[in-house]
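The structure under discussion appears below in the form of C-alpha cells.
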Amino acid sequence: MLTTAPSPALHGTASLPGDKSMSHRAALFAALAAGESVIDNFLDAGVTRRMLAALTGLGVRWELENGRLTVHGAGPAGLEPPHAPIDCGNSGTTLRLLAGAVAAAGLPAVLDGSAGLRARPMNRIVLPLMEMGARVAAVDGRPPLTFTGGRFPLTPPERFHLNVASAQVKTCLLLAGLSADRTIRIVEPGPSRDHSERMLKTMGAAIRSSRADEPNGNPLYLTEMEPPTALTPLRTALPGDFSSAAFLIAAALICKGSDILIEGVGINPTRTGMLDAMRAMGADITVSPSGEKGGEPFGDLRIRHSRLRGTTIDGPLVVRMIDEFPALAIVAAFAEGPTLISGAEELRHKESDRIRSLCSQLRAIGIPAEEKPDGFLVPGGSVPSGGVVRPFGDHRIAMAFAVAGLGAGGLVAIAEPEVMDESFPGFIQTLLDLGARIDP
C-alpha cells in the first residue's frame with residue numbers, strides 16, 4: 001500500500017521522463033532504419049522495457065545507458081524470426097506497433113501478453129493487415145496474434161477507413177506500409193496524435209497529412225505515405241511526457257495555494273487536449289513554448305491552484321486527451337458542478353476498463369461518479385472522504401488516485417503502487433519534492 005494525505009500547497013520545478021508514446025516509436029522505428037540511431041531522454045520504464053525486449057527477440061542490438069538509447073538497425077529485412085512468443089506484457093502500444101513491423105518484415109512470430117492484454121480487441125489491426133496480404137490470426141479477435149509470414153510486397157487497398165481515430169492503429173498500418181507496393185492512405189474521423197508521422201518524416205518517409213471532409217461537412221483526416229520507404233537513422237532527444245505531466249497538473253490544481261513549473265514537456269497539439277479542457281474549467285495554466293525536438297514542439301507549463309467549474313467533453317477533444325481522463329476525473333471531483341464525458345468508449349480498452357475503474361474507485365473514496373456506456377459523469381463539489389483504491393493493474397489509475405489523496409478529507413491508500421513505474425518512474429518522489437504528503 002501507498003498512502004497519500006491532504007497536502008499543503010505544492011511548489012517547485014519538476015522535469016519528466018521521456019514521452020512514453022514517442023519512446024515506443026523511437027525504439028521500433030530505429031530498429032527499422034538502416035544504421036545506428038541515438039535517442040536521448042528515452043523512457044526507461046516497464047512498458048518500454050517490453051518493447052526493447054521484443055527488439056532483442058527480433059535480433060536487434062541496442063544499448064540503454066543514462067537515458068540514451070542506441071539502436072543498431074538493419075531495416076525490416078534485418079529483423080529475425082523470434083525463437084519464442086514475444087511477451088508484450090500489458091502494453092497494447094507494444095503489441096499494435098510490433099504487429100505492423102512484423103507484417104512489414106514478413107516474419108513468422110507470435111505476439112502475446114498478460115491476461116489483461118489478451119482481453120483487448122485487436123481486429124482493428126488484424127483485419128486491415130490481412131487485407132494487405134499479411135498472414136496473421138487472432139483468437140476471437142484478441143491476442144495472441146500469430147503471424148506465419150506474408151506475400152511481398154504487401155498491397156494496401158485504395159484507402160483504409162478507421163471507424164475510430166487511433167494513433168496506434170494508424171501507426172501499425174504505416175509500419176506495414178514500409179513494405180507496400182503502393183501509397184497507403186488512412187482516413188480517420190478525428191485528429192489522432194501524429195507522433196508517428198512527425199518522426200517518420202524526420203527519418204525520410206514521404207508522408208503527409210491533410211483534412212478531407214465528407215460531402216455533408218463531417219471532418220475526415222487523411223494520412224498518406226508513398227512507397228518504397230527506406231528509413232534513415234534517428235538522432236533526437238525526446239520531450240517530457242505530457243501524459244505524466246497531467247497528474248502533476250491535477251495535483252497543483254486541487255491543492256490550495258499551489259504554484260509549480262514543469263519543464264521541457266511535449267506540447268504537440270494533437271496530444272494536449274487536456275489543456276483545452278482544463279482552461280474551459282477555469283484552470284490557471286501558462287504554456288511557454290521552447291522550440292522543437294525531432295519535429296516535436298516542447299515547452300514549460302506553469303500551473304497554479306484554481307477555482308474550477310464542471311464542463312462537458314466530447315467529440316474530437318476526446319481523442320486529443322484519451323490518456324489523460326484518469327487525471328481529469330480527479331480534477332472534476334473538486335470542480336463546482338458536473339463534468340460529463342461522452343464519446344470515450346475507447347477508454348474501456350486500455351490497461352483496464354478505465355470507465356469502470358475510474359467510477360468504481362471514485363465511489364470507493366466517497367465521490368458518487370456515474371458510469372455511462374461511452375463515458376462517465378462526475379457530479380463535482382465533493383471532497384473525497386478517503387478510502388482504499390484498487391488500480392486493476394493500471395498505472396494511470398494508480399497515479400490518479402495518489403493525486404486524489406492530496407486534496408481529500410482523509411487518507412487514500414493505493415494497493416499495488418509499484419504499477420506506477422510502468423510509465424512514470426519517480427512519480428512519488430516528484431510529488432514529495434513538490435511538497436506532497438505521502439507515506440510510501
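Taken from CZ in Arg25 to CG in Leu28, the straight-line distance is 9.5 Å, to the nearest 0.5 Å. Here the straight-line distance linking atom CG of Leu347 with atom CG of Asp374 works out to 9.5 Å at 0.5 Å rounding. Rounding to the nearest 0.5 Å gives a distance of 7.5 Å between CD1 of Ile313 and CZ of Phe376. Taking OG from Ser288 and CG from Asp300, the interatomic distance works out to 6.0 Å, rounded to the nearest 0.5 Å. Thr202 contributes atom OG1, which lies 14.5 Å from atom NZ of Lys293 (distance to the nearest 0.5 angstrom). To the nearest 0.5 Å, atoms CG (Leu10) and CG (Leu248) are separated by 9.0 Å.
The existence of a salt bridge linking Asp241 and Lys20 is excluded, since no basic side-chain nitrogen approaches an acidic carboxylate oxygen closer than 4.0 Å. Ion pairing between Glu188 and Lys170 holds under the 4.0 Å rule for side-chain N and carboxylate O. The existence of a salt bridge linking Arg348 and Glu371 is confirmed by a sub-4.0 Å separation between a basic side-chain nitrogen and an acidic carboxylate oxygen.
Closest heavy-atom contact between His195 and Ser21: CD2-CB, 4.0 Å. Shown here for Pro128 and Phe160, the closest heavy-atom pair between the two residues is CB-CE2, 3.4 Å. The minimum heavy-atom distance between Pro269 and Pro297, with the atom names listed, is CD-CG, 4.3 Å. Scanning both residues, Ala283 and Leu253, for their nearest heavy atoms gives CB-CD2, 3.8 Å. In terms of heavy-atom proximity, Gly266 sits nearest to Phe242 at O-CB, 3.6 Å. Across every non-hydrogen atom of Val71 and Ala30, the tightest pair is CB-CB, 3.7 Å.
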Task: Candidate pair Ile186 and Tyr221, rule side chain to side chain contact (heavy atoms under 4.5 Å, CB included), full reasoning - done: CA-CA 8 Å; Ile186 304 165; Tyr221 296 84; over 6 Å; no
Open item on the list: Assess the residue pair Met281 and Val331 against the criterion (side chain to side chain contact (heavy atoms under 4.5 Å, CB included)); give the C-alpha distance rounded to whole Å, side-chain angles, the decisive distance to 0.1 Å, and a yes or no.
Closed with: CA-CA 9 Å; Met281 297 175 77; Val331 173; 4.2 Å; yes
Task: Stepwise side chain to side chain contact (heavy atoms under 4.5 Å, CB included) check, Thr339 with Thr312 - done: CA-CA 6 Å; Thr339 294; Thr312 297; over 6 Å; no
- [ ] Kindly determine whether Thr183 and Glu226 satisfy side-chain hydrogen bond (donor to acceptor under 3.5 Å, both in side chains), including the steps that lead there.
- [x] CA-CA 5 Å; Thr183 301; Glu226 304 287 346; 2.5 Å; yes
TODO: List the steps and the verdict of salt bridge (charged side-chain N to carboxylate O under 4.0 Å, His left out) for Glu158 and Arg185.
DONE: CA-CA 7 Å; Glu158 180 63 27; Arg185 296 181 176 89; 3.4 Å; yes
Open item on the list: Between Ile86 and Val110, does the side chain to side chain contact (heavy atoms under 4.5 Å, CB included) criterion hold? Intermediate values first, please.
Closed with: CA-CA 6 Å; Ile86 292 176; Val110 176; over 6 Å; no
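No side-chain donor from either of Arg354 and His349 sits under 3.5 Å from a side-chain acceptor of the other. Neither side chain, Thr70 nor Trp62, offers a donor N or O lying under 3.5 Å from an acceptor on the other. Using a 3.5 Å distance cut-off with no hydrogens or angles, the side chains of Ser357 and Ser352 do pair a donor with an acceptor.
In this structure, the side chains of Arg211 and Leu220 stay at 4.5 Å or more apart for every pair of heavy atoms. By the 4.5 Å heavy-atom criterion applied to side chains, Glu197 and Thr223 are counted as neighbours. Between Ile260 and Arg302, every side-chain heavy-atom pair lies at or beyond the 4.5 Å cut-off. A 4.5 Å side-chain heavy-atom check between Ile330 and Phe325 finds every atom pair outside the cut-off. Between Met122 and Leu117, some side-chain heavy-atom pair lies under the 4.5 Å cut-off. Inter-residue side-chain proximity for Pro289 and Ile267 is flagged as met; some heavy-atom pair is nearer than 4.5 Å. You'll find the side chain of Ile249 reaches within 4.5 Å of the side chain of Ile262, heavy atoms only. At least one side-chain heavy atom of Cys172 sits under 4.5 Å from a side-chain heavy atom of Leu129.
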Going by atom type alone, with no hydrogens or angles, which donor-acceptor pairs under 3.5 Å involve a side-chain atom of residues 416-432 and a protein atom two or more places apart or on another chain?
| residue | atom | partner | partner atom | Å |
| --- | --- | --- | --- | --- |
| Ser423 | OG | His395 | ND1 | 2.6 |
| Gln429 | NE2 | Asp433 | OD1 | 2.8 |
| Thr430 | OG1 | Gly426 | O | 2.8 |

Donor-acceptor list for residues 92-104 side chains, cut-off 3.5 Å, not counting sequence neighbours:
| residue | atom | partner | partner atom | Å |
| --- | --- | --- | --- | --- |
| Thr93 | OG1 | Gln168 | NE2 | 2.8 |
| Thr94 | OG1 | Ser91 | OG | 2.8 |
| Arg96 | NH1 | Gln168 | OE1 | 2.6 |

Please set out all donor-acceptor pairs under 3.5 angstrom arising from side-chain atoms of residues 35-54, sequence neighbours excluded.
| residue | atom | partner | partner atom | Å |
| --- | --- | --- | --- | --- |
| Ser37 | OG | Leu234 | N | 2.7 |
| Asp40 | OD1 | Arg68 | NE | 2.7 |
| Asp40 | OD1 | Arg68 | NH2 | 3.4 |
| Asp40 | OD2 | Arg68 | NH2 | 3.1 |
| Asn41 | ND2 | Leu238 | O | 2.8 |
| Asp44 | OD1 | Arg49 | NE | 2.8 |
| Asp44 | OD1 | Arg49 | NH2 | 3.4 |
| Asp44 | OD2 | Arg49 | NH2 | 3.2 |
| Thr48 | OG1 | Leu43 | O | 2.6 |
| Thr48 | OG1 | Ala45 | N | 3.0 |
| Thr48 | OG1 | Ala45 | O | 3.1 |
| Arg50 | NH1 | Asp87 | OD2 | 3.1 |

Name every donor-acceptor pair, under 3.5 Å, that has one atom in a side chain of residues 132-146 and the other anywhere in the protein, sequence neighbours excluded.
| residue | atom | partner | partner atom | Å |
| --- | --- | --- | --- | --- |
| Arg142 | NE | Ala119 | O | 2.8 |

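At distances below 3.5 Å, not a single donor-acceptor pair connects side-chain atoms of Asp112 with backbone N or O atoms of Pro85. Side chain of Ser306 to main chain of Asp284: a donor-acceptor pair is present (N/O by atom type, distance under 3.5 Å, no hydrogens or angles). Side chain of Asp353 to main chain of Arg356: a donor-acceptor pair is present (N/O by atom type, distance under 3.5 Å, no hydrogens or angles). In terms of modelled atom types and a separation under 3.5 Å, the side chain of Gln361 and the main chain of Arg390 share a donor-acceptor contact. Distance alone, capped at 3.5 Å, is enough to place a donor-acceptor pair between the Thr232 side chain and the Met203 backbone. Listed for the Thr4 side chain is a donor-acceptor partner under 3.5 Å among the backbone atoms of Ala402. The backbone N or O of Pro156 sits less than 3.5 Å from a side-chain atom of Arg182, completing a donor-acceptor pair. Side-chain atoms of Thr272 do not come within 3.5 Å of backbone N or O of Leu275 as any donor-acceptor pair.
Every pair passing side-chain hydrogen bond (donor to acceptor under 3.5 Å, both in side chains) that includes a residue from residues 314-325 is listed here, sequence neighbours excluded: Arg193-Asp323, Ser243-Glu324, Asp276-Arg320, Asp323-Lys350.
Asp194 meets the side-chain hydrogen bond (donor to acceptor under 3.5 Å, both in side chains) test with Arg198, Asn268, Thr270; sequence neighbours excluded.
Counting non-hydrogen atoms of other residues, nucleotides and ligands closer than 6.0 Å to CD of Glu63 gives a total above 12.
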